[in-house]
Every structure is written in structure tokens, then in C-alpha cells.
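What follows is a single structure, written as C-alpha cells, with notes after it.
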Amino acid sequence: DGGITQSPKYLFRKEGQNVTLSCEQNLNHDAMYWYRQDPGQGLRLIYYSQIVNDFQKGDIAEGYSVSREKKESFPLTVTSAQKNPTAFYLCASSFGPKEGPQHFGDGTRLSIL
Amino acid sequence: QKEVEQDPGPLSVPEGAIVSLNCTYSNSAFQYFMWYRQYSRKGPELLMYTYSSGNKEDGRFTAQVDKSSKYISLFIRDSQPSDSATYLCASRVSGGYQKVTFGTGTKLQVIP
């Protein structure tokens, strides 16, 4: 079955630690996205990538970094500079940035130890 | 003012009722409209994807867009307990890369 796989489902971060969230898709989509979801705030865009080896900052990129070395993969690193990282992180993909709707993975919940 | 506004609910209805979920938006350039269903601790699942004004039907779900009043609706017929979830509306403009703007979601509970 085609889809978007996020791992791990739950993640805990210690002070001063960087953590990486995985996102893999087998939908042959060119564009991929990372969102953060907080209660009552809706989805906020962290980073997006329209094509391999290219990515742009979204609305709340500070304290996060990404890479896009393969079409299928778009990992997100939450750095120690992100002071409020506790949230539900969602990865999405679409055929292109202006083609078709975005489809989502099942998310990673990140908490602070 | 948020670009996409949605009543957070919760909205409780008895099983079998017709559910009406609504959003308003402020950006008149929005051309694409989406509804997602999100179960607890899961990612949003695309229900409906529409372009411009009009109605679109898929099984028990009907999406309606009224661009003159900047109002989008999702109707669920014969609601089931399995429809209990949070429903997100979303919109974006056409042409080039344009980000998708999401509403905050309406929580729906269908009571058996």
C-alpha cells in the first residue's frame, strides 16, 4: 500500500539534545512538508521541499532543520535551539507544490523529559 | 483575524443525524478547498478536495463552497459513531507554490 510513514510514533527529548524525526513516502510525490500541530492552533508549516535537494522555510522554521537527499525521504531535526518542542509533528506530501492535495502521515508526538 | 476560521466545537449529534460542519475564510484568492478528518493521535485523512465554487459529493459526504460569502461546508448524512473525529478545513490559492491554510478543526461526536 502506498503511503507516508513517520517514525517513531513517540519521542522524548532531553535538554540540549537534537532529535530527528523520520518521514518516508512511497507515493512518488515530488513535494514534502513538515507541520507542527498544537492544541487550538491548527497546523503550522515548518519546512517544505518542492524537489530533491531543495527546501524552504515555512512559518516557524526557527530551531528546526531538514534535508532532502532522496525523493522518498524528508527527515526533520528538532535542535536544542527549539525551546518549546513539545507538539505533534506531521509530515505530508503532494504530487507537486501546486498539484493536488497534501496527504499526511500518522505523526510523531515529541515530548520533553 | 485568521484566514480560515472554524468553530472548535465540540459538536454532539445522535447517530443517523445530518451533520453540518462549516468554515469561513477571508482570502478571496483561495481557489482550492479541502476537508480532512483526524482521529485522535492520527494524521489528517483527506475527505474532499474541491476547486472553486459548487458542490461535490462522495458517499455520505458533501462538500459545498460558496465563494460569494467565503463559506465552506461539509455535510455528513446518516452519521455514524465512527465519524467521531476532528474535522479540518483547508484552503489555498492556485498558481505556483502557495501554502495551505488550515482551520483549527471542529471536534464531532456522534452518539450511538
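We name chains A, B, ... by the order of the sequence lines, and we start the count at 1 in each one.
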Within this structure, what is the [atom1]-[atom2] distance for the pair [X] and [Y], rounded to the nearest 0.5 Å?
{"X": "Leu45(A)", "Y": "Phe102(B)", "atom1": "CG", "atom2": "CZ", "result": "9.0 Å"}
{"X": "Lys42(B)", "Y": "Leu90(A)", "atom1": "NZ", "atom2": "CG", "result": "12.0 Å"}
{"X": "Gln102(A)", "Y": "Tyr49(B)", "atom1": "CD", "atom2": "OH", "result": "9.5 Å"}

Using non-hydrogen atoms only, which part of [X] is less than 4.5 Å away from chain A: side chain, backbone, both, or neither?
{"X": "Tyr51(B)", "result": "neither"}
{"X": "Gln6(B)", "result": "neither"}
{"X": "Lys99(B)", "result": "side chain"}
{"X": "Pro8(B)", "result": "neither"}

Using non-hydrogen atoms only, which part of Tyr89(A) is less than 4.5 Å away from chain B: side chain, backbone, both, or neither?
neither

Region of Gln37(A) in contact with chain B, defined by heavy-atom distances below 4.5 Å
side chain

Under a 4.5 Å side-chain heavy-atom rule over Ile, Leu, Val, Met, Phe, Trp and Tyr, are [X] and [Y] clustered together?
{"X": "Leu46(B)", "Y": "Leu88(B)", "value": "yes"}
{"X": "Tyr48(A)", "Y": "Phe55(A)", "value": "no"}
{"X": "Trp34(A)", "Y": "Ile60(A)", "value": "yes"}
{"X": "Leu43(A)", "Y": "Ile4(A)", "value": "no"}
{"X": "Val66(A)", "Y": "Leu110(A)", "value": "yes"}

Does a sphere of radius 6.0 Å around [atom1] in [X] hold more than 12 heavy atoms from other residues, nucleotides or ligands, not counting ones at 6.0 Å or beyond?
{"X": "Lys14(A)", "atom1": "NZ", "value": "no"}
{"X": "Lys107(B)", "atom1": "NZ", "value": "no"}
{"X": "Ile111(B)", "atom1": "CD1", "value": "yes"}

Where is the tightest heavy-atom contact between Arg41(B) and Tyr10(A), given as atom of each residue plus distance?
CD-OH, 3.6 Å

Looking only at non-hydrogen atoms, find the nearest pair between Gln41(A) and Thr104(B) and report the distance.
C-CG2, 3.8 Å

So Tyr36(B) and Pro101(A), do their side chains get closer than 4.5 Å, heavy atoms only?
yes

